[in-house]
Asks: 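Before anything else, here's the structure in question.
Residue numbers begin at 1 in each chain, while the letters A, B, ... track the order of the sequences.
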Amino acid sequence: MIHHQNAPRPDPPGWVDRAALHDVSPVLIGLAPFAMVLGVAMRDADISTPTGMIGSLVVYAGSAQLAAVALMKSGAGIVSIMVAVALINARFVMYGAALEPRFRSQPAWFRWLAPHFLVDQSYILADSRTDLGNPQRFRRYWLTMAAAIGVVWLSAIGLTLTIGDFLPETPLTFAPIAILVGILVPKLHYKEARQAAIAAGLATLCGASLPPGGGLLLGVVVGAFAPTLIARRSA
Amino acid sequence: VNPLLVLCAAGCVSWLLRVTFIDLFPARNLPPWIRTALGAGGPAAIAALIVTDLTRTVPHGEPLPAVLAAMAAASAITLRFQNLGLTAAAGMAVYWLVSLVIG
């Protein structure tokens, strides 16, 4: 649970998961500026609004799409672009592995289609909750969160492609970091989480000069395995 | 190259990565020590994302004192209220104020 003091009331029967909306709402604030950056990049690359919108829905991963658009603009070949996309999104493999127990008891359509909405935000929020053991509950939580993120993401990209920048740069640029800090700090109560966060931060910093996505991938992998390695050494 | 085709191909690559350990090679078949390590993936991913964001923005004009002050404020608000909306608002407000003060 992320919000202890503001836990929402139990959900009424239906499609919308109130807890998912509660969890994802602040995250949406941080998505809009990033979506705008992507929208501007696509405008600069002369990508039309329909292509940009369809592409954003199909890729559903901002950093990788940004790299793909920049590489396209620079005239890179499709193989180079796909390698860059694979490197930047390689962390999704680990996110999927971590969430696999939640997908295991789901119907086939959900197991194959719903992972499309696996992004940093959805992984972090779903991973933070301990009350999603019921398959139906997880399904509703995941789809509500995906719909909310998708609507804001695509709307902000569509607006930027159509009318250009529409949000002031400051202080919204800080929103994504503030939200990540807000999610991370309560987890630091546990020793393993502290070890993981410190190792991940240092590894990401060391990998800052790597190609796009390299530092992030290095940080996630080193951070995830650090507590296990430290425990093995101490044993 | 047609941009829509490139983006669709990028979408296919991303989807394959997403379903790799969910459907293609289910993670339950991974060695136990790897599955244990995956439990620490959340804090690791968040910390890595924060540092990535900072290494991307600070060298390009984001004022470091404002960022640090805002992170401290966001942490304090989180510890006190455990409310993400309030945390984001406090972080942005402090960032804005300190940016104004240091010009």
Asks: Mark yes when over 12 heavy atoms from residues, nucleotides or ligands other than B:Phe25 sit less than 6.0 Å from its CZ; otherwise mark no.
Replies: no
Asks: Please round to the nearest 0.5 Å and tell me the distance separating atom SG of B:Cys8 and atom CD1 of A:Ile54.
Replies: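 Rounded to the nearest 0.5 Å, the SG-CD1 separation comes to 7.5 Å.
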Asks: Closest heavy-atom contact between B:Ala47 and A:Gly201?
Replies: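 Smallest heavy-atom distance, with atoms named: CB-N, 4.3 Å.
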Asks: Show your reasoning for whether side-chain contact (heavy atoms from CB on, under 4.5 Å) applies to B:Val94 and A:Phe174.
Replies: CA-CA 10 Å; B:Val94 170; A:Phe174 186 74; over 6 Å; no
Asks: Which region of B:Thr55, side chain (C-beta onward) or backbone (N, CA, C, O), has a non-hydrogen atom less than 4.5 Å from a non-hydrogen atom of chain A, or is it both or neither?
Replies: side chain
Asks: If I take atom CG from residue B:Asn2 and atom OG1 from residue A:Thr51, how far apart are they, to the nearest 0.5 angstrom?
Replies: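 So the gap between those two atoms works out to 7.0 Å.
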Asks: So do the side chains of B:Leu17 and A:Arg91 get within less than 4.5 Å of each other, counting heavy atoms only?
Replies: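 No, side chains not in contact.
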Asks: Using 0.5 Å steps for rounding, measure from the CD atom of A:Glu100 to the OG1 atom of B:Thr20.
Replies: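 Separation between the atoms: 12.5 Å.
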Asks: Might you point out which heavy atoms bring B:Ala44 and A:Val220 nearest each other, and give the distance in Å?
Replies: CB-O, 3.8 Å
Asks: Highest number of heavy-atom pairs under 4.5 Å with chain B: which of A:Ala200, A:Ala196, A:Pro115, A:Gly55?
Replies: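 Heavy-atom pairs under 4.5 Å are most numerous for A:Pro115.
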Asks: What is the minimum heavy-atom distance between A:Gly96 and B:Ile22, and which atoms define it?
Replies: O-CG1, 3.4 Å
Asks: Is the closest side-chain heavy-atom distance between A:Met72 and B:Pro3 below 4.5 Å?
Replies: yes
Asks: Looking at A:Val221, A:Leu216, A:Asp127, A:Val85, which makes the most heavy-atom pairs under 4.5 Å with chain B?
Replies: A:Leu216
Asks: Counting only non-hydrogen atoms closer than 4.5 Å, does A:Ile78 touch chain B with its backbone (N, CA, C, O), its side chain (CB onward), both, or neither?
Replies: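 Looking at A:Ile78, just its side chain touches chain B.
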Asks: In Å, rounded to the nearest 0.5 Å, how long is the span from CG of A:Leu180 to CD1 of B:Ile46?
Replies: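 These two atoms lie 6.5 Å from each other.
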Asks: Is chain A contacted by the side chain of B:Val6, its backbone, both, or neither, given a heavy-atom distance below 4.5 Å?
Replies: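 For B:Val6, heavy atoms of backbone and side chain both lie under 4.5 Å from chain A.
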Asks: Could you give the distance from CG (A:Leu99) to CZ (B:Phe21), rounded to the nearest 0.5 Å?
Replies: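 Between A:Leu99 CG and B:Phe21 CZ, I get 13.5 Å after rounding to 0.5 Å.
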Asks: Heavy-atom pairs under 4.5 Å with chain B - which of A:Arg104, A:Met94, A:Met42, A:Lys187 has more of them than the others?
Replies: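 Option with the top pair count is A:Arg104.
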Asks: Given a strict heavy-atom distance threshold of 4.5 Å, which part of B:Trp15 is in contact with chain A: side chain, backbone, both, or neither?
Replies: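 Answer is side chain: those atoms of B:Trp15 sit under 4.5 Å from chain A.
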Asks: For A:Ile124 and B:Leu49, run side-chain contact (heavy atoms from CB on, under 4.5 Å): C-alpha distance rounded to whole Å, both residues' side-chain angles, the deciding distance at 0.1 Å, then the answer.
Replies: CA-CA 11 Å; A:Ile124 289 166; B:Leu49 284 166; 3.8 Å; yes
Asks: Which region of A:Ala64, side chain (C-beta onward) or backbone (N, CA, C, O), has a non-hydrogen atom less than 4.5 Å from a non-hydrogen atom of chain B, or is it both or neither?
Replies: neither
Asks: Report yes if some heavy atom in the side chain of B:Arg18 is under 4.5 Å from a heavy atom in the side chain of A:Val93; otherwise report no.
Replies: no
Asks: Can you say whether A:Ala90 sits under 4.5 Å from chain B via the side chain, the backbone, both, or neither, judging by heavy atoms?
Replies: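 When you check distances to chain B, only backbone atoms of A:Ala90 fall under 4.5 Å.
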Asks: Which atoms form the tightest heavy-atom contact between A:Ala97 and B:Ala27, and what is the distance?
Replies: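 Shortest heavy-atom separation between A:Ala97 and B:Ala27 comes out as O-CB, 3.5 Å.
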Asks: Is any side-chain heavy atom of A:Val181 closer than 4.5 Å to one of B:Ile50?
Replies: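 Yes - at least one pair of side-chain heavy atoms lies under 4.5 Å apart.
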Asks: Does B:Leu7 reach the side chain of A:Val58, with side-chain heavy atoms less than 4.5 Å apart?
Replies: no
Asks: With respect to chain A, which residue among B:Ala66, B:Ala10, B:Ala73, B:Ala89 yields the maximal number of heavy-atom pairs within a distance under 4.5 Å?
Replies: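 Top option by heavy-atom pairs under 4.5 Å: B:Ala10.
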Asks: For chain A, which of B:Ala88, B:Gly11, B:Gly42, B:Ala48 has the most heavy-atom pairs under 4.5 Å?
Replies: B:Ala48
Asks: Which of the residues A:Ile198, A:Leu188, A:Thr228, A:Ile177 is involved in the greatest number of heavy-atom pairs with chain B at under 4.5 angstrom?
Replies: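 When all of A:Ile198, A:Leu188, A:Thr228, A:Ile177 are compared, A:Ile177 has the most.
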Asks: Are side-chain heavy atoms of B:Thr87 and A:Ile179 found at a separation under 4.5 Å?
Replies: no
Asks: Identify which of B:Ala90, B:Ala40, B:Gly39 forms the greatest number of heavy-atom pairs closer than 4.5 Å to chain A.
Replies: B:Ala40
Asks: Does A:Leu118 reach the side chain of B:Val19, with side-chain heavy atoms less than 4.5 Å apart?
Replies: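 No, side chains not in contact.
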Asks: About how many Å separate CG of B:Asp53 and OG1 of A:Thr204, when rounded to the nearest 0.5 Å?
Replies: 11.5 Å
Asks: Picking from A:Asn89, A:Val69, A:Leu229, which has the most non-hydrogen pairs under 4.5 angstrom with chain B?
Replies: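 Answer, by heavy-atom pair count under 4.5 Å with chain B: A:Asn89.
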Asks: Heavy-atom pairs under 4.5 Å with chain B - which of A:Trp112, A:Tyr95, A:Tyr60, A:Tyr123 has more of them than the others?
Replies: A:Trp112
Asks: Less than 4.5 Å to any heavy atom of chain B: does that hold for the side chain of A:Arg102, its backbone, both, or neither?
Replies: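 Contact with chain B: none, neither part.
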Asks: I'd like to know which of B:Cys12, B:Pro26, B:Ala70 tops the heavy-atom pair count under 4.5 Å against chain A.
Replies: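 Looking at each option in turn, the highest pair count goes to B:Ala70.
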